[in-house]
Amino acid sequence: MSMQTAAKPMAASPAYPPVHFMIDGELVGATNEQAAVVNPSTEETIGSYPLATAADLDAALASAERGFKTWRETPAANRAAVLMRAAQLI
């Protein structure tokens, strides 16, 4: 006895949202060089994302360093509360 199942029609690719970097509280990267996001099953280009420049990386690293200085001076109980809240949101 042979079982055959009908192939399900493929749904259209969902719209791929614009992607930006968040550096120092600001969205950046919209005008940088873009790389394609390709659906591997259809090879259709469904969106793009910005490629970081050296300046983007320098700005992100400087921002992270400033953030770390603030974070390390934050009392442990406050840091724990932030991390617990982040865990709840996940």
Side-chain angles (χ1 to χ4, degrees):
M1 182 164 136
S2 170
M3 278 189 120
Q4 293 184 348
T5 58
K8 295 180 182 178
M10 297 231 4
S13 295
Y16 197 83
V19 178
H20 306 285
F21 303 122
M22 175 75 71
I23 300 175
D24 235 0
E26 294 185 33
L27 291 175
V28 297
T31 59
N32 292 345
E33 183 179 350
Q34 301 280 311
V37 176
V38 178
N39 179 332
S41 66
T42 64
E43 297 184 0
E44 170 191 13
T45 298
I46 59 173
S48 65
Y49 60 92
L51 299 176
T53 65
D56 292 330
L57 295 175
D58 289 342
L61 291 170
S63 178
E65 186 175 5
R66 287 190 303 277
F68 177 69
K69 286 177 183 176
T70 300
W71 183 252
R72 74 177 175 208
E73 293 171 3
T74 301
N78 295 28
R79 288 184 286 173
V82 169
L83 294 174
M84 293 298 288
R85 178 65 180 141
Q88 290 172 348
L89 293 172
I90 295 177

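Both backbone and side-chain heavy atoms feed into the values below; hydrogens, waters and symmetry mates do not.
When all heavy atoms of Arg72 and Arg79 are compared, the pair lying nearest together is CA-NH1, 4.4 Å. Residue Ser63 comes nearest to Asp24 through the heavy atom pair OG-OD1, 3.0 Å, listed as atom of the first residue, atom of the second, then distance. The two atoms that bring Ala36 and Thr45 nearest to each other are CB-CG2, 4.0 Å, heavy atoms only.
Looking only at distances, a side-chain donor or acceptor of Asp56 sits under 3.5 Å from a matching main-chain atom of Thr53.
Separating the CZ atom in Arg66 from the CG atom in Leu61 is a distance of 10.5 Å, to the nearest 0.5 Å. Expressed to the nearest 0.5 Å, how far CD of Gln34 lies from CG of Leu51 amounts to 7.0 Å.
Follow the hydrophobic side-chain contacts under 4.5 Å out from Val19 and you reach Ile46 in the same cluster.
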Stepwise side-chain contact (heavy atoms from CB on, under 4.5 Å) check, Val28 with His20: CA-CA 6 Å; Val28 297; His20 306 285; over 6 Å; no
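Heavy atoms of other residues, nucleotides or ligands lying less than 6.0 angstrom from CD of Glu26 number 12 at most.
A heavy-atom distance below 4.5 Å is found between the side chains of Leu27 and Met22.
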